[in-house]
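Report on the following structure.
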Amino acid sequence: MPKSNMSGVSQLPDASIPIKKLIKALLAISFGTVIEWVGNNSTPNTEALAPTRKILQHFGTIAYDFTIYTQLSKTLGKVFFPSNDPALQALSFWGVFFIGYISRPAGAVLFGHLGDTRGRGTCLLISVLVMGIPTVLIGCLPSYHHIGMAAPILLAILRLIQGLAMGGEFGAAMVYLHEIADARYKAVTGSLGYVSLGVGVVIGILVVVMVISLIPGEALLVWGWRVPFLMAIATLIAAVVLRYNMPESVEFATSREEIEEEYKQRVREFKRSRSQNASGVKRSMSRSRAPDDVATVDAAKSEAGTSDMESQAGEGLEKHYVPIMELFRGYWSGLILQCGYEAWIGGSFYLGYSWLPSFFVAHAGISTMTSLWMVLTSMVLFTFVVPVAGYLSDKGQPRVTATIAICAIAAVMTVPMFLAFQTRNLAACWLLQAFSLAMTAYTMGILPQICSLIYPAGVRISGFNLGYNLGMTIFGGLTPLAMTAIQTGTKSIFIGPGLWMVGMALISIVSSLLLIKCYPLTNQRGSI
């Protein structure tokens, strides 16, 4: 029987798969990540998976759609939100961008339940379909000039559906990588989810650069913007083929059995208690013979009936294990701390990758094409830093402590960074954006390992997904909209957004300190 550690995570025998098959699993997952960010015994036998199929399964999580949407912000703003006021147009665009995050917590619960009851493979297959189909449909939407307000409304609806998929896809993929990895390399293997995110972003930016370079301005507004969305058809088909019949991890199957058995044991104890109470009531009824005891008998019958109903409810519960209920029963504090831990991580990622390019064009005198090359090179650096962080974590660097140090540096440098942007110096803007995304990459490289260790495998997708998406919605997806609103409302173009990011860093520092105290395994040195 596996033993539990201080954080409630079971210590299981090594259930990793051979390196060739790990590479296949990673490829398979990766195709789904590209769609999202270039566009978001009782244990099955893992030996049955052919080698190339498994890494292809990880390019399937989050990159393509969200990249082309943000990097085409100026064009899409004119297509769906025509306005003479650039500030209002920007607010409308980032408002619909944020709508894609509103449904993410609901998607986390839905796909978390699927992943923790039906299996990781089922969850990942359905989520990539729900992400990919709306991406293609966005490319088919009529513009505001053709159908008026219906155009942005339809765009918002498709973004909501994508948000559901995004709520389950990326977190489930990172958990899956963590569970199938060799015990010595869990951090670096889990970090490959963010590597595929970086690759997806780079591919998305290259597609946007190609479209802007080859298609004239008027044609870009009429049909050119549709091309990157329609190109998602190819990666969607590849992801579905590669994700079909994915194997489950030994760690998940073992932990789920333990949690289900514990759950059934609680139900049996509940039923025994009810049965004993009912027997006591019947004995009381048999002794109640005098006319004056009629009220007592009626009360006893009522209590017996209630006991029978509760017992039947217990029998029903035994058949329906609900991971989200188990999560809130035992790990609600971890959920809250994970959400706060991600505050600066999510905010800084969407600052550097999605908000700064349009900010540089509007306030630093940098051309659209140059801003695209800036974020492209920064994301290439991001992609290289992520696995380095995972590798160092596996070699003994305390994970949460490293996050605290990076957030402290960010809190000190953010306002000076925005003041440097005010100089409109291209080299300063480029280097600071790259450095900011490199710090973010380091924290993201260790995030999958940290957050996976908060929960046991039987509720891990539900917990990881919900905590991850609450944090990324409240602090990450909201950041571009909040900073645009701060600029519009206060006229503080540089200081206001900087102070917002300082606040995000402080929230992450406090949450990280509490995470170390409540879940010490998350900061343990080396492999777990």
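Judged as a ring-ring contact (aromatic ring centres under 6.0 Å, His included), and not counting sequence neighbours, the contacts of F360 are F421. Residues passing the ring-ring contact (aromatic ring centres under 6.0 Å, His included) test with Y341: none are found, sequence neighbours excluded. For Y442, there are no ring-ring contact (aromatic ring centres under 6.0 Å, His included) partners two or more places apart in sequence or in a different chain. By the ring-ring contact (aromatic ring centres under 6.0 Å, His included) test, H145 is found to be paired with no residue, residues two or more places apart in sequence or in another chain being considered.
No donor-acceptor distance shorter than 3.5 angstrom exists from the side chain of S393 to the backbone of A389, with no hydrogens or angles considered. Counting only distance, with no hydrogens or angles, the side chain of S213 and the backbone of M210 share no donor-acceptor pair below 3.5 Å. Not one N or O on the side chain of R104 forms a donor-acceptor pair closer than 3.5 Å with the backbone of M166. Checking side-chain atoms of S378 against main-chain N and O of V375 turns up no donor-acceptor pair under 3.5 Å. Listed for the S196 side chain is a donor-acceptor partner under 3.5 Å among the backbone atoms of G193.
Looking at I366, T368, L372 one by one, the single match for side-chain contact (heavy atoms from CB on, under 4.5 Å) with T370 turns out to be I366. Q338 pairs with exactly one of Y331, Y468, Y455 by the side-chain hydrogen bond (donor to acceptor under 3.5 Å, both in side chains) rule, that one being Y455.
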Listing, residues 473-480 side-chain donor-acceptor contacts under 3.5 Å, not counting sequence neighbours, or none:
residue : atom : partner : partner atom : Å
T473    : OG1  : Y101    : O            : 3.0
T473    : OG1  : N469    : O            : 2.6
T479    : OG1  : F475    : O            : 2.4
T479    : OG1  : W500    : NE1          : 3.2

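Below 30°, between 30° and 60°, or above 60°: for F418 and W355 the angle between ring planes is between 30° and 60°, a tilted geometry.
Counting only N and O atoms by type, the side chains of T443 and T403 include no donor and acceptor under 3.5 Å apart. With no hydrogens or angles considered, a side-chain donor-acceptor pair links T135 and Q162 at under 3.5 Å.
Scanning all heavy atoms of the two residues, the minimum distance from G467 to L335 falls at N-CD1, 3.5 Å. Across A173 and L124, no two heavy atoms sit closer than the pair N-CD2, 3.7 Å. Across all their heavy atoms, E342 and M472 have their closest contact at OE1-N, 3.8 Å. When all heavy atoms of C407 and A505 are compared, the closest pair comes out as O-CB, 3.6 Å.
Between Y391 and Y185, the ring centre distance reaches or exceeds 6.0 Å.
Pairs of residues two or more places apart, or lying in two chains, never qualify as ring pair (Phe, Tyr, Trp, His ring centres under 6.0 Å) while including a residue from residues 116-140.
Within 6.0 Å of CE on M325 lie no more than 12 heavy atoms contributed by other residues, nucleotides or ligands.
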Derivation of the side-chain contact (heavy atoms from CB on, under 4.5 Å) call for M369 and V209: CA-CA 7 Å; M369 189 60 69; V209 169; 3.8 Å; yes
